[in-house]
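Remarks on the structure that follows.
Naming convention: chains lettered A, B, ... in sequence-line order (proteins, then strands); numbering from 1 in each chain. Everything numeric in this text was worked out from a predicted model, so none of it was measured.
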Amino acid sequence: MTIRLHDTRTQTLQDLRPVHPGRVGLYVCGPTVQSAPHIGHLRSALVYDIMRRWLTASGYRVTLIRNVTDIDDKILAGAAGTAEPWWALAYRVEREFAHAYDRLGVQPPTYEPRATANIQRMIDLISRLVERGHAYPAADGSGDVYFDTASWPAYGELTHQRLEDMADAADADPRGKRDPRDFALWKGRKPDEPEDASWTSPWGRGRPGWHIECSAMSTAYLGETFDIHGGGRDLRFPHHENELAQSAAAGYGFARIWVHNGLVSVGDQKMSKSFGNSVFAADLLDRAPAQAVRYLLGSAQYRSTLEYSPAGLDEARHTVERIDAFLARAASEGAVPTPATVTRDDVPAEFARAMDDDLNVPRALAVVHERVRQGNAALAAGDRDAAVAAADAVGAMLRVLGLHPDAFARQGRADDAATQALDRLVAERLDSRAHARAARDFTTADRIRDELAAAGVRIDDTPDGARWSVDDD
RNA sequence: GGUGGAGUGGCCGAGUGGCUAGGCAGCGGCCUGCAAAGCCGUAUACACGGGUUCGAUUCCCGUCUCCACCUCCA
């Protein structure tokens, strides 16, 4: 068993060979909590959730660190001029993210460090870079500290760019920079910024630059050399390039494999605030069951751009219903519930091969569909053993993908007493309908079905009699 | 201008030098009083032009188009 992942730096598939055998350290760039989570944030979180699940199922002890950037220009700007302090804004949005992740079934990371709780680690790292001659305080007395890109010949190695070809960095006022491409490690406090948005440092009061936090936190929790660093494709430059440069310049081995997930597009265009085409997580999750959203976001390989459309969401819902319906039928034929924890030994070899191959979830889903079809055929043929075997495999695969229906308990609907009451009422109607049908009075039978349908109760006739369910929409 | 990536049947989306994933939608059939579900079968592809090859959607060259990053961004 060898799990392979695509590494941005070498532009090749790399075998995963953990620094510490049997353990995997995975760092993921989490969100800047400045505004509501959208579908792109969900996809990113989901990619690493599935990666983590597969690594875990494969026997690794995974430490997943996903940071929260809770101090940043945008957060300060968002709170400026409002009654809400910047830290309240950040925390409010952070909770929105947590809620969206939770609804989607994204497991919490092993730890979720906040930037504001790791300021000293960043100061230590910056000091180390200054000592080593790779960073310098601005000469203009601003209190800024910059990374000296000219001092680091490897700069650009992650994204294969040469310093000369790059446009100038613009993440800070260039006055105090030796070179326009140098980037801020520390930002001196400006007079119009809140006093509580700054910390004391050897360079005066200020706050950390964006890139330094990930270097400080990843190495703090995973060690100076760790296995996998993940994030969205749009973070490759400058964020990850700078992260790599400053970490390597500090003497760290840092991440061995850099993975980047593709973005979500709407109408062939990147979704972004400025285009006004954002699909927010809360809206999405209100529009369709979380399980369907999860399926949709997993239906493209993680490095591919994923095209979002409302029609695609409906499609995902139907697809998921088909899978769930099979499991439900199999259960009534004696299939036992899927254990909450499964391993790679519980899934078909072809599924495992697809997952090992740079997490090819679409190919893995094809195996799921194949087994569902086989299972349905077995049910139709009365082959219980084959049906149960298929259900076991399907259940295990869904667990790995975080798509198992058991993990998505119906919220606010599955009240037992209410269900029983409804069942009694519906059963009475179905009894009348059965009599009508027996008497070949199909007008009456269809009227009853229509009445129930109008109330949101769907009727399906089976060889064993009619079954009812509550329509989702 | 630099860097990375993409153009696959109605839509989404894998993949491969010949045996052409999967889903949804469509069509035909089975089942059903009808429907739904399910099963079986089935049409529609690989941006364009060359080249290599017995054979290319898959390799090579060229062309076109599109996307992302180089500014905050999952």
| said: Can you identify which nucleotide, out of B:rA74, B:rG22, B:rC12, has its nearest atom closest to the A:Glu307 side chain? | reply: B:rC12

| request: Name the nucleic acid region contacted by A:Ala377, choosing base, sugar-phosphate or nothing; use a 4.0 angstrom heavy-atom cut-off, strictly under. | output: sugar-phosphate

| remark: Separation between CG (A:Leu244) and CZ (A:Phe237), nearest 0.5 Å, reads 12.0 Å

| remark: Whole-Å distance, A:His239 NE2 to B:rU71 C1', equals 15 Å

| message | For RNA chain B, which residues of residues 88-99 of chain A approach it to below 4.0 angstrom with any heavy atom? | response | none

| message | Output the rounded distance in Å from CZ (A:Phe237) to C1' (B:rC72). | response | 14 Å

| said: Is it true that A:His260 and A:Thr8 share a donor-acceptor pair across their side chains at a distance under 3.5 Å? | reply: yes

| note | To the nearest angstrom, the NE2-P distance between A:His38 and B:rC72 comes to 16 Å

| remark: Reading nucleotides 25-36 of chain B from 5' to 3' and marking B where a protein heavy atom lies under 4.0 Å of the base, S where only the sugar-phosphate is that close, and - otherwise, the string is --------BBBB

| Base, sugar-phosphate alone, or nothing: which one does A:Leu235 contact when heavy atoms must sit under 4.0 Å apart? | sugar-phosphate

| query | Is the CH2 atom of A:Trp468 crowded by more than 12 outside heavy atoms at less than 6.0 Å? | reply | yes

| request: Specify the separation, in whole Å, of atom CD of A:Glu370 and atom P of B:rG38. | output: 16 Å

| Candidate list A:Glu241, A:His240, A:Glu243, test side-chain contact (heavy atoms from CB on, under 4.5 Å), partner A:Leu235, passing option | A:His240

Could I get a table of every N or O pair under 3.5 Å where one atom is in the protein and the other is in nucleotides 3-6 of chain B?
from	atom 1	to	atom 2	distance (Å)
B:rU3	O2'	A:Thr159	O	2.6
B:rG4	O2'	A:Arg236	NH1	2.8

| request: Measure from OH on A:Tyr308 to P on B:rG13 and round the result to the nearest Å. | output: 14 Å

| task | Would you indicate what A:Gly312 reaches in the nucleic acid, counting non-hydrogen atoms under 4.0 angstrom: base, sugar-phosphate, or nothing? | result | nothing

| request: Just do the side-chain contact (heavy atoms from CB on, under 4.5 Å) check on A:Tyr302 and A:Ile50 with the steps written out, would you? | output: CA-CA 10 Å; A:Tyr302 79 86; A:Ile50 293 174; over 6 Å; no

| message | Distance check needed: B:rG23 P versus A:Glu315 CD, whole Å only. | response | 11 Å

| query | Sequence neighbours excluded, which residues qualify as ring-ring contact (aromatic ring centres under 6.0 Å, His included) partners of A:Trp152? | reply | A:His134

| task | Determine the Euclidean distance between corresponding P atoms of B:rA74 and B:rA68; express it in Å to zero decimal places. | result | 16 Å

| task | Using the C1' atom on both, measure B:rG28 against B:rG33 and round to a whole Å. | result | 22 Å

| query | Mind checking the P distance from B:rU32 to B:rA36? Whole angstroms is fine. | reply | 15 Å

| Pairwise C1' distance for B:rU58 and B:rG18, with rounding to whole Å | 11 Å

| A:Arg384, CZ: over 12 other non-hydrogen atoms inside 6.0 angstrom | no

| task | Check every strand shown and say whether A:Val264 touches a base, only sugar-phosphate, or nothing at a heavy-atom separation below 4.0 Å. | result | base

| request: Name the nucleic acid region contacted by A:His260, choosing base, sugar-phosphate or nothing; use a 4.0 angstrom heavy-atom cut-off, strictly under. | output: nothing

| task | Answer with yes or no whether the side chains of A:Glu193 and A:Ser198 bring together a donor and an acceptor at under 3.5 Å. | result | no

| request: Look at A:His41 and B:rA74 and indicate whether a side-chain polar atom (N or O) is within less than 4.0 Å of OP1 or OP2. | output: yes

| Are the side chain of A:Arg43 and the backbone N or O of A:Gly262 linked by a donor-acceptor pair below 3.5 Å? | yes

| task | State, to 0.1 Å, how close A:Asp140 and A:Gly176 come at their nearest heavy-atom pair, and which atoms those are. | result | OD2-N, 3.4 Å

| So, for A:Arg294 and A:Arg53, which heavy atoms are closest and what is the spacing to 0.1 Å? | NH2-NE, 3.5 Å

| request: Taking atom P in both B:rC67 and B:rU57, compute the distance separating them and give it to the nearest angstrom. | output: 27 Å

| field | Pairwise C1' distance, B:rU20 and B:rG15 [rounded to whole Å] | value | 10 Å

| message | Can you confirm whether or not the ring centre of A:Phe254 sits under 6.0 Å from the ring centre of A:Phe226? | response | yes

| task | Could you state the atom-to-atom distance from CG of A:Asp234 to P of B:rU71 in whole Å? | result | 14 Å

| said: Need to verify one output field. Residue with the more 5' nearest nucleotide on RNA chain B, A:Leu365 or A:Arg373? | reply: A:Leu365

| said: Does A:Gly40 reach a base, just sugar-phosphate, or nothing at all? Heavy atoms under 4.0 Å. | reply: base

| field | Over 12 non-hydrogen atoms of neighbours within 6.0 angstrom of CZ in A:Arg95 | value | no

| Integer angstrom distance from the C1' of B:rA25 to that of B:rG9 | 12 Å

| field | Rounded interatomic separation in angstrom, taking CG from A:Asp314 and C1' from B:rC12 | value | 13 Å

| task | Please lay out, stage by stage, how A:Glu370 and A:Glu350 fare under the test side-chain contact (heavy atoms from CB on, under 4.5 Å). | result | CA-CA 11 Å; A:Glu370 183 76 2; A:Glu350 204 186 336; over 6 Å; no

| message | Between B:rC30 and B:rA35, how many Å separate the two P atoms, rounded to a whole number? | response | 12 Å

| From A:Ile459 CD1 over to A:Asp450 CG, what is the distance, rounded to the nearest 0.5 angstrom? | 10.5 Å

Under 3.5 Å between N/O atoms: give me all the protein pairs with nucleotides 14-19 of chain B, atom names plus distance.
from	atom 1	to	atom 2	distance (Å)
B:rA14	OP1	A:Gln301	N	2.8
B:rA14	OP1	A:Ser304	OG	2.9
B:rA14	O3'	A:Asn360	ND2	3.1
B:rG15	OP1	A:Asn360	ND2	3.1

| said: I'd like to know if the side chain of A:Asp182 and the backbone of A:Asp148 have a donor-acceptor N/O pair within less than 3.5 Å. | reply: no

| request: Measure from the side-chain N and O atoms of A:Gln301 to the backbone N and O of A:Asp358, and report whether any donor-acceptor pair falls under 3.5 Å. | output: yes

| note | If one requires at least 3 consecutive Watson-Crick or G-U pairs with distances under 3.5 Å, the stems of RNA chain B turn out to be B:1-7 with B:64-70, B:10-12 with B:22-24, B:26-30 with B:38-42, B:47-51 with B:59-63

| Value rounded to 0.5 Å, distance of CG in A:Leu285 from CG in A:Leu104 | 6.0 Å

